[in-house]
2 protein chains.
Amino acid sequence: MATSSAPAGACDDRKSVYLAACPCREMLDLLANKWSALTLGALEDGPQRFGALRARLQGVSPKVLTQTLRRLEEHGLVHREVFAEVPPRVEYSLTELGADACVPLAHLRSWVEQNIDRFP
Amino acid sequence: MATSSAPAGACDDRKSVYLAACPCREMLDLLANKWSALTLGALEDGPQRFGALRARLQGVSPKVLTQTLRRLEEHGLVHREVFAEVPPRVEYSLTELGADACVPLAHLRSWVEQNIDRFP
DNA sequence: GGTCATGGTATCCGTCGGGTACCAATGGTC
DNA sequence: GACCATTGGTACCCGACGGATACCATGACC
């Protein structure tokens, strides 16, 4: 629907992260982010609780982790499930879209780890 | 590999983006960044001048572009060449390392552009 | 009653992104 | 000679954001 009504030649028929007004720019900003890349990667192993994520993403503060997870949830990359227990239990998992997004992010992470010695 | 003492199966904990103290974390922070990803991608077409980059990366301010380029240069991803002319001419180009880093970043950018319609 | 665990939130602060204005240097123009 | 245009920035200012710490609510457990 969004694509069919766009006339040929219009600015939005060619999605590009290089266009400031394109939604792609916002998505790139979300994914091209340290904590997002790490969070999505951590969730590749399966659903995880807040505390477990916090332990895996060394150095992340609870506030920032919450913000990151909420932002990913808001954009449909992560699913948040709250269990009515005490102490509270919250599980985060990848959506289908999130799992797909993990592919390029995993490439980026592994490229960094494999080429870190080349950096000055 | 530089750290060849790690036995198979044993994770080389010294090279992981999930360790706060690992230099990988810093590199991920540099690459997993909106403007870095866009700048490196723009330079894939060949050396470009400051003004041309500024035009391609719609919405970037000169200060932020300068900061991004300087940071990329500092980490050996971008080469900066100043020509003693008036008006001044400065050309930015990818180093070999920068060109390699473009591969996973290009995947990320194209994934975003191809999947933008799936986002809520 | 006191303590612990969990998943956050409230608050504060420093840093940083980001925008705008402006500059240096010189060749060209009038 | 005076003035302007061009290019690649820098100076300055501001708001937003990242991030650390403190704290909370709740019930099980000692």
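Letters A, B, ... are given to chains in the order of the sequence lines, protein chains preceding strands, and every chain is numbered from 1.
If you measure from atom CZ of B:Arg71 to atom C1' of D:dG9, you get 19 Å, rounded to the nearest angstrom. What separates CG of B:Leu30 from P of C:dG17 is a distance of 11 Å, to the nearest Å. Atom CG of A:Leu57 is separated from atom P of C:dG8 by 14 Å (rounded to the nearest Å). Between B:Lys34 atom NZ and D:dG18 atom P there is a gap of 12 Å when expressed in whole angstrom units. The separation between B:Glu73 atom CD and D:dG8 atom P is 15 Å, rounded to whole Å. As rounded to whole Å, 8 Å separates atom P of D:dG18 from atom CG of A:Asn33. In this structure, the CG atom of B:Asp29 is 11 Å from the P atom of D:dG18, given to the nearest Å. Distance, A:Leu65 CG to C:dT9 P: 11 Å, rounded to whole Å.
Heavy-atom nearest nucleotides on DNA chain D were determined for A:Val60 and for B:Pro87, and the one closer to the 5' end corresponds to B:Pro87. Comparing A:Pro88 and A:Gln67, the nucleotide of DNA chain D nearest to each residue sits closer to the 5' end for A:Gln67.
By the neighbour-count criterion of 12 heavy atoms within 6.0 Å, atom CD of A:Glu96 is sparsely surrounded, having that number or fewer from other residues, nucleotides or ligands. Around atom CD of A:Gln67, more than 12 heavy atoms belonging to other residues, nucleotides or ligands sit under 6.0 Å away.
Among the nucleotides D:dG8, C:dT9, C:dA5, the one closest to the side chain of A:Pro62 is C:dT9. Proximity note for B:Val90 (side chain, C-beta onward) versus D:dA20, D:dG9, C:dT20: the nearest is D:dG9. Of the candidate nucleotides D:dT10, C:dG8, D:dG8, C:dG8 has the atom lying nearest to any side-chain atom of A:Thr66. In the set D:dG18, D:dG8, D:dT21, the nucleotide with an atom closest to the side chain of B:Arg80 is D:dG8.
B:Arg54 comes within 4.0 angstrom of no nucleic acid atom, judged by non-hydrogen atoms across all strands. The residue B:Phe83 sits apart from the nucleic acid: no heavy atom pair falls under 4.0 Å.
The phosphate of C:dG7 (OP1 or OP2) has a side-chain N or O of A:Arg49 nearer than 4.0 angstrom. Close to D:dG8, at under 4.0 Å from its OP1 or OP2, lies no side-chain N or O of B:Arg70. Residue A:Arg89 has no polar side-chain atom (N or O) positioned under 4.0 Å from OP1 or OP2 of D:dT26.
Using a 4.5 Å cut-off on side-chain heavy atoms (C-beta onward), A:Leu69 and A:Phe50 make contact.
Between B:Trp111 and B:Phe119, the two ring planes are perpendicular [angle over 60°; tilted spans 30° to 60°].
Clustering ILVMFWY residues whenever any of their side-chain heavy atoms sit less than 4.5 angstrom apart, transitively, puts A:Leu19 in a cluster other than the one holding B:Leu108.
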